[in-house]
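We use all heavy atoms of the structure for the numbers below, so side chains are in, but hydrogens, waters and symmetry mates are not.
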Amino acid sequence: MQCGCPRAFSLLYRAYYERLLGVAARRLGEEAAAQDVVQDVFLKLWERRAHWKVYGNVEAYLHQAVCNRVRDYQRRARLRKGLEVPLEPRHDVMGRSSPESRLLLRECYRLLEAELARMPRRMRTAFVLSRWYGYRHPEIARLMHISPRTVEVHVRRALRRLQRALQEDHEATGVHAPVG
């Protein structure tokens, strides 16, 4: 493979393509997307053939590469959907069940949603990926094509804006929102 031999690549492709396609299709649930993912793995492999070294099982390496690409594909799909954030509270996170606490929690979510809507798109995207989806800053940077430092700045500024909005609401209403 490292010598750039198309025959070696072709043998590798024929030996593993169908199995890898099955893995991707099961995870993605759609054949076309699975084909794109597997093709992308093999394309990257060909582009980096001069530096490609596998220590151990080739099939395990390719399987992991496909799983990683599937995750990337799913992340990009969520970004394309506009990062729909589930802001409606499903349960009382404070462990209280009084109508007042539920009302305060709903109001807190309403405030949060309103402030998120006012944020610049890239700031909101970085914040949601970090806080709602649990992505780390380097992953977000790669997805958004910005530096990890820029992601950090966006997330920090978003947190400050949210704190400020909650503080202003507290001062205006005299009611402290139940955020922990």
Path from L11 to W46 over hydrophobic side-chain contacts below 4.5 Å: no
From CZ (R71) to CG (N68), nearest 0.5 Å: 4.5 Å
Distance-minimising heavy-atom pair for E115 and A165: OE1-CB, 3.8 Å
Taking every non-hydrogen atom, the tightest pair across P148 and P138: CG-CA, 4.3 Å
R110/E113 under salt bridge (charged side-chain N to carboxylate O under 4.0 Å, His left out): CA gap, chis, key distance, verdict: CA-CA 5 Å; R110 187 199 61 73; E113 191 173 34; over 6 Å; no
Nearest-0.5 Å distance, CE of residue M144 to OG1 of residue T150: 9.0 Å
Mutual orientation of the aromatic rings belonging to F9 and F42 [parallel < 30°, tilted 30-60°, perpendicular > 60°]: perpendicular
Close side-chain approach of H63 to C67, heavy-atom, < 4.5 Å: yes
Gap separating the CG atom of L111 from the CG atom of L162, nearest 0.5 angstrom: 9.5 Å
Value rounded to 0.5 Å, distance of OG1 in T125 from CE in M119: 11.0 Å
Test salt bridge (charged side-chain N to carboxylate O under 4.0 Å, His left out) applied to E168 - qualifying residues, sequence neighbours left out: none
Residues forming a side chain to side chain contact (heavy atoms under 4.5 Å, CB included) with L159, sequence neighbours excluded: F127, R131, V155
The single option from R124, R122, H137 passing side chain to side chain contact (heavy atoms under 4.5 Å, CB included) against H154: R122
salt_bridge(E139, R136) N-O dist < 4.0 Å: no
Sequence-distant partners of R121, salt bridge (charged side-chain N to carboxylate O under 4.0 Å, His left out), two or more places apart: none
Side-chain touch L112/L116, heavy atoms, less than 4.5 angstrom: yes
R27: partners by salt bridge (charged side-chain N to carboxylate O under 4.0 Å, His left out), with sequence neighbours left out: none
Heavy-atom side-chain contact between S130 and I140 under 4.5 Å: yes
Minimum-distance pair of heavy atoms, taken over all atoms of A141 and S147: CB-C, 3.6 Å
V70/V23 under side-chain contact (heavy atoms from CB on, under 4.5 Å): CA gap, chis, key distance, verdict: CA-CA 9 Å; V70 164; V23 169; over 6 Å; no
Pairwise distance CZ(R48) to NZ(K44) - rounded to 0.5 angstrom: 5.5 Å
Residue list, side chain to side chain contact (heavy atoms under 4.5 Å, CB included) with V153, at least two apart or on another chain: R149, R156, R157
Rounded distance [0.5 Å steps], CG in L12 versus CD in E59: 10.5 Å
Derivation of the side chain to side chain donor-acceptor pair (under 3.5 Å) call for E171 and Q167: CA-CA 6 Å; E171 290 169 1; Q167 182 63 35; 3.0 Å; yes
For residues 28-41, which side-chain N or O atoms pair as donor and acceptor with protein atoms under 3.5 Å away, sequence neighbours left out?
from, atom 1, to, atom 2, distance (Å)
Q39, NE2, Y13, OH, 2.8
D40, OD2, R69, NE, 3.1

